Each structure stands twice: as structure tokens, then as C-alpha cells.
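Before any comments, here is the structure.
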Amino acid sequence: MNIHEYQAKEILNAYGIPVPRGRVALTSDQVERACKEMGGRCVIKAQIYAGGRGKAGGVKLVHVPEQAQEFGKELFGKRLVTPQTGPEGLKVRRILVEEAVDIAREFYLSITLDRETSRYCLIASAEGGVDIEEVARKSPEKIHLFAIDPYTGLRPYQARKIALALGLTGSVCEDCVELILNLYRCCLEKDCQLVEINPLVVTKAGWLLAMDAKFTFDDNAVFRHREYPDMVDYSQLDPLEINAGKYDLAYIKLKGNIGCMVNGAGLAMATLDVLKEFGGEPANFLDVGGGATREKVAEAFKIILEDCDAKGVFVNIFGGIMRCDIIAQGIIEAAGEVKCILPIVVRMDGSKVEEGKKLLLDSGLNVQCADNLGDGAARIVKMLG
Ligand code: GDP
Ligand code: MN
């Protein structure tokens with residue numbers, strides 16, 4: 001689960017990590033007023049669930065309130081396209097207005113879960129800012145990594161080692177040690193998958209300040225934090241993903257033209273691999289989980305059909321707990337309801353498979369039944385070819 005920069009900064013602030021003074025605006029008049037309040041010189045920042053805004057024109061330094069208002073008008077409602085958004089971009093509905101800061105140096109600092117070591121890993125670089133991806137690619141030695149032992153946690157001497165590696169000295173170095181320790185505490189207590197400050201800056205006046213912040217919470221821990229669900233900005237999510245969430249279905253959008261309905265994450269991965277093997281490109285995949293009911297299968301199928309990139313549907317379901325006739329009924333119900341004319345290939349196996357196949361073939365839908373996964377993948381690719 002993601003949150004906006006301004007929300008992330010509120011959390012950082014609560015953990016004693018300094019952030020610039022700022023306000024969130026929902027209209028360009030509010031942008032103007034906030035700018036006045038900050039004394040005129042401020043930074044206008046589009047709030048979207050993606051980074052790379054600076055280079056995409058979503059962050060601007062302004063000097064007077066009129067300029068702020070004008071830029072606000074330009075940004076609100078605009079779809080901002082950055083390397084992290086995909087070609088359709090994300091709509092700007094909230095703007096953060098912050099007092100402008102005179103930056104002396106920009107650093108990168110983050111803590112994220114490293115699946116290889118199963119530990120939180122602290123990542124720091126003295127070359128932070130908008131080009132961090134390029135630094136990582138071209139001079140990886142400038143990125144410092146530090147795996148945190150979950151038993152001992154992060155010790156002050158370890159945080160100091162990182163601050164020193166960033167080239168900090170004196171009181172700024174000590175401030176940075178405290179900041180790193182606070183960030184780790186925040187990361188643990190808020191169940192984060194990622195906390196990132198880029199850039200963490202030293203101002204010309206010599207203070208440390210988190211200029212940008214990105215948080216990703218672990219979805220599996222959201223139930224432990226009552227306030228998280230209300231923090232979601234649904235305007236930043238794919239409507240189909242929101243719909244899938246309502247029915248407890250895992251839906252992932254992809255780039256191809258074959259909609260995929262599968263049960264189980266492992267089978268989903270295998271299905272995508274085999275489709276690719278046969279030259280197909282999945283448009284999405286939807287995992288209906290273990291014991292789905294007919295209604296749930298129907299909802300899942302409808303979500304797939306609503307994805308306008310899907311020009312055909314591949315259903316790959318192993319009916320262990322699920323009965324194949326119930327799956328077939330769900331598909332027929334949904335396809336009938338939305339008058340689906342797309343080609344469908346169904347590969348299913350398990351309980352009541354013959355009954356399920358018969359229901360499908362008698363349904364009048366443009367459907368084929370496959371004998372196995374390879375056969376099914378080949379068929380749907382051919383039907384779309
Ligand atoms: P991102 O591009 O989405 O990561 O957005 P950021 O919040 O990181 O902003 C991009 C860049 O804008 C930062 O790396 C800074 O160099 C610059 N920036 C942001 N706020 C200020 C500010 O108050 N003063 C100055 N001089 N630069 C700023
Ligand atoms: Mn940034």
C-alpha cells in the first residue's frame with residue numbers, strides 16, 4: 001500500500017525527522033494562499049503515487065503567490081507521466097506547497113526489505129537526488145548497502161558508520177545518526193516495505209531535512225494499523241484493482257492482450273510463463289484464490305472483461321477444492337451478463353471436470369476447452385493471432 005509524500009512527511013515528522021513546512025492544497029486558490037503563508041518563495045509539488053515527478057514537470061520552484069496559483073491551475077487534473085507511471089500517467093488531485101529550501105547537498109537514504117537476506121537493508125548514497133537510478137547503474141560503488149540484523153536492530157555505531165560514509169562530519173553527522181535510528185524505528189513500527197528519503201538534504205544553513213519521502217506499507221500488516229485504510233487515495237489506483245480488492249481477488253495489470261483467470265499465485269506465474277513460451281502476452285492476471293464461489297468467479301471474470309486491453313481470455317484453473325462445474329457456471333453467468341464475444345479458452349481439471357466442460361460447450365459462448373496447459377496456451381494464442 002502506498003501513500004502520498006505529504007502523508008509520509010507527517011509520519012517522518014512524528015518520528016522527529018525534520019521536513020520542510022508545508023500545506024496540502026486541493027484547489028489552485030488554496031495553492032496561492034499556502035504560498036502566501038510560506039512567504040512567497042515555495043515549491044509546488046504534484047502528489048501522485050509515483051516518483052520521477054521532478055523531471056516530468058511535477059515539481060516547481062515559484063517566487064510569488066500568483067505564479068503558484070498559475071502552476072496549480074496547470075497541474076490540477078493533469079495526468080503526469082513519469083518513468084514510474086506508465087504511458088497513461090496519474091492524475092494530479094492534490095498539491096503540496098512547501099517553503100523553498102536552499103540546498104547545499106542532496107543524499108539518498110532508504111530502508112527496504114531485502115528478500116535475499118530476509119532482512120531490512122539500509123541504502124545510502126552521497127549522490128542522491130533525481131539521478132539516483134543513473135548513479136546505481138553507472139557507479140554502483142557509490143551506493144552503500146547495509147543489512148540490519150533483526151535481533152540486535154540498528155545500533156548507533158552502525159548508523160554513524162553510514163553517516164560517515166555519506167561524508168558528513170560534526171553536528172550534521174550526529175543529527176544524521178539520530179535521523180537514521182529514527183527512520184529505522186519508524187520503518188519497524190509502521191510495518192513498511194520501503195521508506196525512502198530522496199533527497200535527504202543538508203541546507204545551506206547547515207540543517208538536515210527530508211525533502212521528499214516515499215512510504216510503502218506491507219499489505220499483509222495493514223490490519224494492524226486502523227488508520228491506514230483511510231489514508232488511501234483511490235484516485236491513484238486502477239479502478240479494476242479497487243474492484244478486485246472489494247471481492248478479495250488479486251488482480252495485476254500487465255501489458256499484453258490475453259486476460260488470465262487462474263487459481264493460486266504459483267499457477268498464475270506458471271500460466272504467464274507458458275503463455276509467453278507460446279508467444280502470447282498476458283493483459284493481466286486475476287487470482288481467484290482457493291475456495292472461490294460461483295459469484296466470485298463471475299466477478300473475477302467481469303473484471304477481466306472490463307480490461308479493454310484483453311482481446312481474449314485464458315482460464316486456467318485446477319479444481320481441487322473448487323468444482324469445475326461451479327467455475328463453468330460463474331464464467332457463463334458473467335459472460336452472459338456483459339454479452340462477451342471475446343474468444344475464451346478454458347483449461348480446467350479436477351472435480352466434475354466433464355460436467356464443467358459440457359456446460360461451457362453448450363453455453364453458446366465462443367469457448368474452447370483445452371486438455372492441458374500447453375494445449376490451452378497454444379489455442380488462445382492462435383485464436384488471437
Ligand atoms: P521526485 O522527482 O518525484 O523524486 O520529486 P522530489 O521531491 O525529489 O523533487 C525533485 C527535485 O526537486 C529534488 O531532488 C530537488 O533537487 C528539487 N527540489 C525540491 N524541493 C526543493 C526546494 O525546496 N528547493 C530547491 N532548491 N530544490 C528543491
Ligand atoms: Mn525524490
Side-chain angles (χ1 to χ4, degrees), residues 240 243-254 256-278 280-307 310-385:
L240 295 183
N243 224 348
K246 271 189 218 150
Y247 293 95
D248 208 16
L249 301 158
Y251 167 84
I252 306 290
K253 179 79 188 107
L254 299 166
N257 61 356
I258 304 173
C260 301
M261 187 166 87
V262 188
N263 66 333
L267 192 59
M269 294 300 110
T271 304
L272 301 189
D273 283 349
V274 173
L275 269 179
K276 286 239 179 195
E277 185 94 7
F278 282 87
E281 284 295 336
N284 57 45
F285 79 79
L286 203 149
D287 177 3
V288 294
T293 58
R294 193 190 64 184
E295 289 76 20
K296 206 162 159 180
V297 169
E299 283 310 324
F301 202 73
K302 273 190 260 177
I303 289 169
I304 289 179
L305 295 179
E306 273 172 47
D307 176 354
K311 302 296 179 232
V313 184
F314 184 34
V315 179
N316 184 22
I317 288 189
F318 186 79
I321 301 170
M322 284 178 90
R323 269 170 40 192
C324 293
D325 55 338
I326 290 182
I327 297 161
Q329 283 167 8
I331 294 171
I332 294 165
E333 181 185 312
E337 209 172 298
V338 297
K339 302 193 172 47
C340 166
I341 47 163
L342 298 181
I344 305 166
V345 172
V346 180
R347 179 264 167 172
M348 52 188 186
D349 215 340
S351 320
K352 305 246 178 195
V353 62
E354 290 313 321
E355 289 87 338
K357 279 185 181 172
K358 185 164 182 326
L359 281 172
L360 283 171
L361 296 174
D362 292 345
S363 68
L365 293 171
N366 182 9
V367 62
Q368 293 187 12
C369 291
D371 294 326
N372 55 54
L373 179 47
D375 175 41
R379 279 176 194 251
I380 189 72
V381 171
K382 195 164 158 226
M383 282 168 96
L384 294 186

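Keep in mind the model is a prediction, meaning the values are calculated, not measured.
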Self-check item: salt bridge (charged side-chain N to carboxylate O under 4.0 Å, His left out) contacts touching residues 260-278 (sequence neighbours left out)
Solution: Lys276-Glu281
Practice problem: Tell me, please, which residues at least two apart from Tyr247 pass side-chain contact (heavy atoms from CB on, under 4.5 Å). | Solution: Asn243, Leu249, Glu299
Exercise. Applying salt bridge (charged side-chain N to carboxylate O under 4.0 Å, His left out), name anything that partners Glu355, two or more places apart in sequence or on another chain.
Key: none
Quiz item: Tell me the salt bridge (charged side-chain N to carboxylate O under 4.0 Å, His left out) pairs involving residues 282-296, sequence neighbours left out?
Solution: Arg294-Glu333
Self-check item: Residue list, side-chain contact (heavy atoms from CB on, under 4.5 Å) with Val274, at least two apart or on another chain
Solution: Phe278, Leu373, Ala377
Exercise. Output the distance between atom CZ (Phe285) and atom OG1 (Thr271), rounded to the nearest 0.5 Å.
Key: 9.5 Å
Side chains of residues 259-269: which donor-acceptor pairs under 3.5 Å do they make with residues two or more places apart or in other chains?
{"residue": "Asn263", "atom": "OD1", "partner": "Phe318", "partner atom": "N", "Å": "3.1"}
{"residue": "Asn263", "atom": "ND2", "partner": "Phe318", "partner atom": "O", "Å": "2.9"}

Quiz item: To the nearest 0.5 Å, how far apart are CG in Leu254 and CG in Leu272?
Solution: 6.5 Å
Quiz item: Do you know which two heavy atoms are closest between Pro282 and Leu275, and how far apart they sit?
Solution: CB-CD1, 4.4 Å
Quiz item: Glu306: what forms a salt bridge (charged side-chain N to carboxylate O under 4.0 Å, His left out) with it, not counting sequence neighbours?
Solution: none
Quiz prompt | Rounded distance (nearest 0.5 Å) linking atom CD1 of Ile331 with atom CD1 of Ile326 | solution = 12.5 Å
Self-check item: All side chain to side chain donor-acceptor pair (under 3.5 Å) counterparts of Asn257, not counting sequence neighbours
Solution: none
Quiz item: Of all heavy-atom pairs between Ala334 and Ala298, which one has the smallest distance, and what is that distance?
Solution: CB-O, 3.3 Å
Quiz item: Heavy-atom distance under 4.5 Å between the side chains of Val345 and Met383, does that happen here?
Solution: yes
Practice problem: Using side-chain contact (heavy atoms from CB on, under 4.5 Å) as the criterion, list what pairs up with Cys340, not counting sequence neighbours. | Solution: Leu305, Ala335, Val338, Leu342, Ile344
Quiz item: How many angstroms lie between CD1 in Ile258 and CD1 in Ile380, if you round to the nearest 0.5 Å?
Solution: 6.0 Å
Self-check item: Non-hydrogen atoms of Ala370 and Gly376 that approach each other most closely
Solution: CB-CA, 3.3 Å
Quiz prompt | Closest contact, heavy atoms only, Met348 versus Ala328 | solution = CE-CB, 4.4 Å
Self-check item: Euclidean distance, Ile327 CD1 relative to Leu359 CG, rounded to 0.5 Å
Solution: 11.5 Å
Quiz item: Taking only residues two or more places apart in sequence or in another chain, which ones pass salt bridge (charged side-chain N to carboxylate O under 4.0 Å, His left out) with Lys358?
Solution: Asp362
Quiz item: Going by heavy atoms in the side chains, are Ile341 and Asn366 under 4.5 Å from each other?
Solution: no
Quiz prompt | Pair listing, side-chain hydrogen bond (donor to acceptor under 3.5 Å, both in side chains) test, anchored in residues 338-353, at least two apart | solution = Asn316-Arg347
Quiz item: Can you pull the side-chain hydrogen bond (donor to acceptor under 3.5 Å, both in side chains) pairs that have at least one residue in residues 370-385, sequence neighbours excluded?
Solution: Gln368-Arg379, Asp375-Arg379
